[in-house]
A.B. asks: 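Below you will find the structure I want to go over with you.
These numbers come from the heavy atoms of this one structure, side chains and all, not from hydrogens, waters or symmetry mates. In what follows, chains carry the letters A, B, and so on, assigned in the order in which the sequence lines appear, proteins first and then strands, with residues in each chain numbered from 1.
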2 protein chains.
Amino acid sequence: MAKASHSRFDCNPGCAVEAAINLIDGKWKSILMFQLLSGTRRFNELRRLLPNCTPRMMTNQLRELEQDGLVIRTVYAQVPPKVEYSLSPLGRSMEPVLMALKHWGDANIGRYGKPHAVQTCSGDSRRDRPEDSGRTAA
Amino acid sequence: MAKASHSRFDCNPGCAVEAAINLIDGKWKSILMFQLLSGTRRFNELRRLLPNCTPRMMTNQLRELEQDGLVIRTVYAQVPPKVEYSLSPLGRSMEPVLMALKHWGDANIGRYGKPHAVQTCSGDSRRDRPEDSGRTAA
DNA sequence: CCGTATCCGATGAGATACTG
DNA sequence: CAGTATCTCATCGGATACGG
């Protein structure tokens, strides 16, 4: 029974919404997942993609996503270390949500202003990272 | 594979996602908006719909949504007071996002367990509420 | 390269009581 | 009915430094 009913819910109608949003609630989770939609990423790749996210938060958010079964962490026991993050099937099933968010943002950014707390861009003008270490693709 | 194969973005691909999620980020915002999808609600109606949300938080979240232009607050200068909340057109444009969340939740609740922090239902068993507010018409 | 540990300030969010 | 006020604790999240 995929859908209980369009009018009937086990508890509150907002229940499912809450459960879903709780998973991507967190300062970086949705962005992380969005980035992972396009493929597997390494830790430092993600860091470059989200310049404002400290390693601590990066690890934190990634681990929670992993615990929630949305992200898969693959560790290669090698030197130098290599860790890859990718979306699990469950994580990928979030794609409609993520794309809906993306689509909404694309359609509305800059059109309505950002009244109270909407800062755009994961990497703002806080600090510029001219260059980071080269690519050590294994 | 290319990092940005979707189309072009102002800054980071996650930018739009971030902007969007920032608006519904907050413990109750998405649920509130979801409830408002089905129509205008009064303050205490919403309270009944989200039993776990204290009046303080309710006001807080509602006000932020209002400031962000997603929700419209209508005050009737009457006795007893009457205040109605409804979605603005902008708020309603969030419908795809909210429905995507809802749909995901419906499809996945109870199927994968809730590893670390997923509590379902706005009204959980945090505090025993012996008195179930049935249909107590005001 | 991929993280961890620690410190610490900012904010979130619950309880409770009061008001026009 | 529809909120406010205050107090407090918990958590989030940033900075920085270090480790395998």
A.B. asks: Find the distance A:N52:CG to D:dG13:P and express it as a whole number of Å.
C.D. replies: 13 Å

A.B. asks: Between atom CE in A:M57 and atom C1' in C:dT11, what is the gap in whole Å?
C.D. replies: 13 Å

A.B. asks: If you measure from CG on B:L50 to CZ on B:F34, what distance do you get to the nearest 0.5 Å?
C.D. replies: 11.5 Å

A.B. asks: Under a 4.0 Å threshold between the charged nitrogen and the carboxylate oxygen, would B:K29 count as salt-bridged to B:D25?
C.D. replies: no

A.B. asks: May I have the distance from A:K29 (atom NZ) to D:dT11 (atom P), rounded to whole angstrom?
C.D. replies: 14 Å

A.B. asks: Do A:E45 and A:R48 sit within salt-bridge range, that is, some charged N less than 4.0 Å from a carboxylate O?
C.D. replies: no

A.B. asks: At under 4.0 Å between heavy atoms, how does the protein contact nucleotides 2-7 of chain C? Give one character per nucleotide, 5' to 3', with B, S or -.
C.D. replies: SSB-B-

A.B. asks: To the nearest 0.5 Å, how far apart are CD in A:E18 and CG in B:L101?
C.D. replies: 11.5 Å

A.B. asks: Looking at A:R56, is its backbone amide N or carbonyl O close enough to the side chain of A:N60 to form a donor-acceptor pair, meaning the two atoms are under 3.5 Å apart?
C.D. replies: no

A.B. asks: Once you build an axis from the first five pairs and another from the last five of the helix from C:dC1-D:dG20 to C:dG20-D:dC1, how far apart in angle are they, to 10 degrees?
C.D. replies: 60°

A.B. asks: In whole angstroms, how far is the C1' atom of D:dC12 from the CG atom of B:D25?
C.D. replies: 11 Å

A.B. asks: Working to the nearest 0.5 Å, report the span between CD1 of B:I24 and CD1 of A:I24.
C.D. replies: 6.5 Å

A.B. asks: Measure from CG on A:L62 to C1' on D:dG13 and round the result to the nearest Å.
C.D. replies: 16 Å

A.B. asks: To the closest 0.5 Å, what do you measure between CZ (A:R42) and OG1 (A:T74)?
C.D. replies: 12.0 Å

A.B. asks: Find the distance B:M58:CE to C:dG14:C1' and express it as a whole number of Å.
C.D. replies: 14 Å

A.B. asks: Rounded to whole angstrom units, what separation is found between the CD atom of B:E66 and the P atom of D:dA2?
C.D. replies: 15 Å

A.B. asks: Working to the nearest 0.5 Å, report the span between CE of A:M94 and OG of A:S30.
C.D. replies: 10.0 Å

A.B. asks: Roughly how many Å is it from CZ in A:R47 to P in C:dC1, rounded to a whole number?
C.D. replies: 11 Å

A.B. asks: Table please: side-chain donor-acceptor pairs of residues 75-87 of chain B below 3.5 Å, with sequence neighbours left out.
C.D. replies:
| from | atom 1 | to | atom 2 | distance (Å) |
| --- | --- | --- | --- | --- |
| B:Y76 | OH | B:E84 | OE1 | 3.0 |
| B:Y85 | OH | B:R73 | NE | 3.3 |

